[in-house]
Amino acid sequence: MEVRVRFAPSPTGFLHVGGLRTALYNYLFARKHNGKMILRIEDTDRTRLVENAIDNLINSLKWAGIEYNEGPDKAGEYGPYIQSERLDIYKKYALELVEKGLAYYAFDTSDEIEEMRKNSSETFGTKYNREAMRNQLTLGEDETKKILASGHDFVIRLMVPFDHEVSFNDIIRGEVKVSTNDIDDQVLLKSDGFPTYHLANVVDDHLMKISHVIRGEEWLPSTPKHVLLYNYFGWEIPKFAHLPLLLNKDKSKLSKRQGSVAVEDFREKGYLKDAFINFIALLGWNPTGDREIYSLDELIEYFNLEKVNKGGAVFDVQKLDWVNQQYLKSVNFNEVAKEISLVSKEKFGKLYDSEFLNKVFNLFKERVTFVSEITSIADYMFSDINEFDKDYIQKKWLPGTEEIVIELIKVYENCNNFEHDELSSKTKEFALGLGKKLGDIIHPIRIMITGKSTGAGMFETMEVLGKTECLKRMSYFIQNKIYDV
RNA sequence: GGUCCCAUAGACUAACGGUUAGGUCACCAGCCUUUCACGCUGGCAGUAGGGGUUCGAAUCCCCUUGGGAUCACCA
């Protein structure tokens, strides 16, 4: 049987990182088994529609590199892939159930239902009391027909029997059993003509020939309802795999409040797509347990639903940062060129040469978590120094330094190859000639050229900045007696 | 509260019923050094508790405790 999985988000805003993880696992599973992945939009709640949400969702998935074979923007045999465009289908199946006596019409108002739930009954508890409310069962066929004919609002509810055991096998959790006594007569078709999630997802998964339903653990409690529906329709039940939740630091379900949860926020913050995917994939699973960095191909190759953890995983930004740093160190400059160019342009109002940016990036990529950080920790690479570290000057600019530097400038003026090796040997030679160590002299150089106490290797830095600029900064420093603090 | 799910260090995780319980982040120390990083070496720290089953349990079973999810005409 062909493996067909789906990612079925509701377009209520942006793609949640938990959703991305679910999408990723679906994707890995599909790729691993040479199957198909479907993107289906579950927009059956008209009260929660958000503009552009679908585009946002798709953009985030695209950014993450999660490709699907069928979806709203990718025609397939089983469309449409947006539930609000499939209303007739759901209605037809809801009526089929009514026909079979496995579902029924109900006409209660929300106030009546609220009232009913407050007064729990002997046999139904707080569940919908189908024996005491206004519905097809209590009103009778004739009255029901009359009400329907009058155009009155109605819903269709699932008829759940007493004392049956519903069980299903979850790939990650094993067998799960629930008594039908704990299952409510769920509404299948709402009064606005839209289906509820439960009806829509079962109908669609069947019609779209979904073989494996891989979704978040929050769906586990309602899965028995879905199983009941499959049985009522006489359809084959897909395999289920309920993924562990992504958690906040306090172990509650990952949510806003405690930081970003929208994928696009992470993207904007500057996380590399590959790093983010790598990190997310390892929340709930590890292919080998002996390393942390895996390429997408490796993730696909090793993916195994049965080895996915059962417990929820805390989303640890600190580790995410570390992973991002790992990727940053080995990333090809082309992948970050655009961002660093954009950020520096914005910050310093000028477009920098790509070759120059490449050099700067290589100088600092091991010192930052994000590309954009480079423009702040190494702002002196992009513009004149706007602030000198006074403490550093006091500590390293000793009496006599000025005279030494004036001599050093002459040495540098005579450099033909103003690059690392020559600068290094010439400076060492110079220091030695004065009976000093390189360390004694390199700090003042750093002060004059960068203004900061920290940075990349001094000679590499000078090489990138160039002879003219370095000499200019040194003379400026001396002439303006900046060391006088 | 009912139902369901879960439980290896602060966090993410590995471990055919047989390992000195392994790796990673964070943290601490040292090394490297031209500052800061990177890197390297070492360290701290874990099977929630109690019963079983077994020659042997992190692993299987039960109970307790703890955590989470879910109980809508939301998904």
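Note that this is a predicted model, so its numbers are computed, not measured. Order of the sequence lines fixes the chain letters, A, B, ..., with proteins taken first and strands second; residue numbering starts at 1 for each chain.
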What is the pairing partner of B:A45, taking Watson-Crick or G-U wobble pairs with both distances under 3.5 Å in any strand?
none
Looking only at the side chain of A:Met458 (C-beta and beyond, no hydrogens), which of the listed nucleotides B:U34, B:C12, B:C73 gets closest?
B:U34
Mate of B:U34 where both pairing distances stay under 3.5 Å, Watson-Crick or G-U:
none
What about the rings of A:Phe370 and A:Tyr271, do their centers lie closer together than 6.0 Å?
yes
Give the nucleotide from the list B:C74, B:C25, B:C38 with an atom nearest to the side chain of A:Lys329.
B:C38
Under 3.5 Å, which donor-acceptor pairs do the side chains of residues 152-166 of chain A form with other protein atoms, sequence neighbours left out?
{"from": "A:Arg157", "atom 1": "NH1", "to": "A:Asp185", "atom 2": "O", "distance (Å)": "2.8"}
{"from": "A:Asp163", "atom 1": "OD1", "to": "A:Asn181", "atom 2": "ND2", "distance (Å)": "2.9"}

Can you tell me which nucleotide in B:A69, B:C74, B:C73 comes closest to the side chain of A:Ile113?
B:C73
Report which part of the nucleic acid A:Lys307 touches: base, sugar-phosphate, or nothing (heavy-atom distance under 4.0 Å, all strands).
sugar-phosphate
Among the nucleotides B:G23, B:A72, B:C36, whichever has the atom closest to the side chain of A:Thr454 is B:C36
How is A:Thr44 classified with respect to the nucleic acid when contacts are heavy atoms under 4.0 Å: base, sugar-phosphate, or nothing?
sugar-phosphate
Using a cut-off of less than 4.0 Å, is there contact between a side-chain N or O of A:Lys190 and OP1 or OP2 of B:A75?
yes
With sugar-phosphate meaning primed atoms plus P, OP1 and OP2, does A:Val155 contact a base, only sugar-phosphate, or nothing at under 4.0 Å between heavy atoms?
base
Under 4.0 Å, heavy atoms only, any strand: does A:Pro11 hit a base, just the sugar-phosphate, or nothing?
nothing
My understanding is that only residues two or more places apart in sequence, or in another chain, count here; which of them pass salt bridge (Lys or Arg N to Asp or Glu O under 4.0 Å) with A:Lys91?
none
C1'-based separation of B:A11 from B:A45 [nearest Å]
12 Å
Pairwise side-chain contact, A:Phe107 with A:Leu148, heavy-atom cut-off 4.5 Å (strictly under)
yes
Centre-to-centre under 6.0 Å for A:Phe240 and A:Phe168, is that the case here?
yes
Using the C1' atom as the reference point in each nucleotide, state the distance between B:C32 and B:C38 in Å, no decimals.
11 Å
Hey, what are the protein-to-nucleotides 2-9 of chain B N/O distances that come in under 3.5 Å?
{"from": "B:C5", "atom 1": "O2'", "to": "A:Arg173", "atom 2": "NH1", "distance (Å)": "2.6"}
{"from": "B:C5", "atom 1": "O2'", "to": "A:Glu217", "atom 2": "OE2", "distance (Å)": "3.1"}

By side chain to side chain contact (heavy atoms under 4.5 Å, CB included), A:Asp379 pairs with (sequence neighbours left out) A:Phe348, A:Asn386, A:Lys452
Can you sort out which residues in residues 360-369 of chain A have a heavy atom within less than 4.0 Å of RNA chain B? Ascending by number, please.
A:Glu366, A:Arg367
Taking the C1' atom of each, how far is B:G56 from B:U19, in whole Å?
14 Å
Would you kindly give the CD-to-C1' distance between A:Gln318 and B:A26, to the nearest whole Å?
5 Å
Integer angstrom distance from the C1' of B:A69 to that of B:C73:
22 Å
Pairing partner of B:G56 (Watson-Crick or G-U wobble, both distances under 3.5 Å)
none
Among all residues two or more places apart in sequence or in another chain, which pass the side chain to side chain contact (heavy atoms under 4.5 Å, CB included) test with A:Thr461?
A:Leu363, A:Tyr380, A:Met381, A:Thr450, A:Ala456, A:Met458, A:Leu465
Counting side-chain heavy atoms from CB outward, which of B:C12, B:U70, B:C74 is closest to A:Arg48?
B:C74
Quick check for you: among B:U34, B:A75, B:C12, whose closest atom lies nearest to any side-chain atom of A:His420?
B:U34
Measure distances between side-chain N and O atoms of A:Lys452 and base N and O atoms of B:U35, and say whether any donor-acceptor pair falls under 3.5 Å.
no
Considering every strand shown, what is the Watson-Crick or G-U wobble mate of B:C71 when both distances are under 3.5 Å?
B:G1
Phosphate oxygens OP1/OP2 of B:U24: is one of them under 4.0 Å from a side-chain N or O of A:Arg291?
no
Any residue meeting side chain to side chain contact (heavy atoms under 4.5 Å, CB included) with A:Asp250, in chain and number order, not counting sequence neighbours
A:Asn248, A:Ser252, A:Gln258
Can you tabulate the close N/O pairs, meaning under 3.5 Å, that link protein atoms to atoms of nucleotides 17-22 of chain B?
{"from": "B:G22", "atom 1": "N2", "to": "A:Gly289", "atom 2": "O", "distance (Å)": "2.9"}

A:Glu218 side chain: which of B:U70, B:G68, B:C12 is closest?
B:U70
Contacts of type side chain to side chain contact (heavy atoms under 4.5 Å, CB included), residue A:Leu432, not counting sequence neighbours:
none
Side-chain contact check for A:Leu438: nearest option of B:C12, B:U34, B:C74 is B:U34
Nearest-angstrom distance from the residue atom CZ of A:Arg21 to C1' of B:C12:
12 Å
Across the strands shown, which category fits A:Ile442 at heavy-atom distances under 4.0 angstrom: base, sugar-phosphate, nothing?
base
Checking all strands, does A:Phe459 fall into the base, sugar-phosphate, or nothing category for heavy-atom contacts under 4.0 angstrom?
base
Under 4.0 Å: is that the gap between some side-chain N or O of A:Lys251 and OP1 or OP2 of B:G10?
no
Residues in salt bridge (Lys or Arg N to Asp or Glu O under 4.0 Å) with A:Glu112, at least two apart?
A:Arg134
C1' atom, B:C25 versus B:C62: distance in rounded Å?
37 Å
B:C73, OP1 or OP2 - any side-chain N/O from A:Arg117 closer than 4.0 Å?
yes
Of the listed nucleotides B:C25, B:A15, B:C73, the one nearest the side chain of A:Asp316
B:C25
Whole-angstrom distance between B:U41 and B:C61, as gauged at atom P:
40 Å
Taking only the P atom of each, what is the distance from B:A26 to B:U20 in whole angstrom?
30 Å
Sugar-phosphate, base or nothing in reach of A:Glu373, heavy atoms under 4.0 Å:
nothing
Hey, could you give me each pair passing side-chain hydrogen bond (donor to acceptor under 3.5 Å, both in side chains) that has a residue in residues 428-445 of chain A? Not counting sequence neighbours.
A:Tyr392-A:His443
Is the distance from OP1 or OP2 of B:C71 to the nearest side-chain N or O of A:Ser222 less than 4.0 Å?
no
From CG of A:Asn248 across to C1' of B:G68 the rounded distance in Å is 12 Å
I'd like the P distance from B:A15 over to B:G30, given in whole Å.
36 Å
Re B:A7: Watson-Crick or G-U wobble partner, both distances kept under 3.5 Å, found to be B:U65
Are A:Tyr197 and A:His226 close enough that their ring centres sit under 6.0 Å apart?
yes
Complementary nucleotide of B:G17, counting Watson-Crick and G-U pairs under 3.5 Å:
none
Would you mind classifying the nucleic acid contact of A:Ser10 as base, sugar-phosphate or nothing, using non-hydrogen atoms under 4.0 angstrom?
sugar-phosphate
Do the side-chain N or O atoms of A:Gln325 get closer than 4.0 angstrom to the phosphate oxygens (OP1, OP2) of B:G39?
no
Check nucleotides 41-43 of chain B for protein N or O atoms closer than 3.5 Å to its own N or O atoms and list the pairs.
none

